Structures are given as C-alpha cells and as structure tokens.
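Reading through the structure tokens given below for one structure.
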Amino acid sequence: MKTVEIKKKLINEINLSKNKNLLEEFYRFLNLENEIEETYKLNSQQKSAIAEAREQIKNGDYLTNEQANQEIDEWLNK
C-alpha cells in the first residue's frame, strides 16, 4: 500500500472515530514520531572516530560477530 493510500485511510478512520482516548493517544504518538525525526549532529571527535572505524573496516581490521562473541566469552570466563 502506498503512503498516500495509508494517509487517506487513516484520515477516514480518524474522522469516523468517536473514541476521544484513542484519538488523543494517536495524536500523542504522531507528535512523538515527528520529534524523533530530528537529525543528530555529530561533533568532530565523533566524526573522527567514525572515519577511523571505516578505515579499519576497509583494511580488514575487524572481528566477525562470531569472533567477537568468542572473545567476550573468553573474557567473561577469566
């Protein structure tokens, strides 16, 4: 279903609803959802850390999930 179709159906359901509590919750949810979409700003230290991590991945300097889990298990068993 396309976004436009979903919006039309939601608007129709809202118009038909007489449940004040449901409408208030839906309104609250939509406001929370819209607030979450704010773009997070990285500082220079965070950007540098990301660039370093990308370079490490590019050079093959990383662990697979299995290797990381194994290292964690070894560390926890000490």
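Count residues from 1 along the sequence. Owing to the predicted nature of the structure, the values given are computational and were not obtained by experimental measurement.
Lys47 contributes atom NZ, which lies 9.0 Å from atom NZ of Lys41 (distance to the nearest 0.5 angstrom). Distance check: Asp73 CG to Gln70 CD gives 8.0 Å after rounding to the nearest 0.5 Å.
No single ILVMFWY cluster, assembled from side-chain heavy atoms under 4.5 Å apart, contains both Met1 and Val4. When hydrophobic clusters are built by joining Ile, Leu, Val, Met, Phe, Trp and Tyr residues whose side-chain heavy atoms come closer than 4.5 Å, directly or via intermediates, Leu30 is grouped together with Leu10.
When every heavy atom of Leu42 is checked against every heavy atom of Gln46, the shortest pair comes out as CA-OE1, 3.3 Å.
Ion pair Glu25/Arg28 flagged as a salt bridge, since at least one NZ, NE, NH1 or NH2 atom sits closer than 4.0 Å to an Asp/Glu carboxylate oxygen.
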For side chain to side chain contact (heavy atoms under 4.5 Å, CB included), just list the numbers for Glu71 and Gln67, CA-CA rounded to whole Å, side-chain angles, deciding distance to a tenth of an Å, and then say yes or no. CA-CA 6 Å; Glu71 283 195 14; Gln67 291 169 324; 5.7 Å; no
Side-chain polar contacts of residues 51-60 - donor-acceptor pairs under 3.5 angstrom, sequence neighbours left out - could you list them?
unit_1: Asn59; atom_1: ND2; unit_2: Glu55; atom_2: O; d: 3.2

Can I get a per-line list of side-chain donor-acceptor pairs under 3.5 Å for residues 16-24, giving both atom names and the distance, sequence neighbours left out?
unit_1: Ser17; atom_1: OG; unit_2: Asn19; atom_2: N; d: 3.2
unit_1: Asn19; atom_1: OD1; unit_2: Asn21; atom_2: N; d: 3.1
unit_1: Asn19; atom_1: OD1; unit_2: Leu22; atom_2: N; d: 3.0

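A 4.5 Å side-chain heavy-atom check between Lys9 and Ile6 finds every atom pair outside the cut-off.
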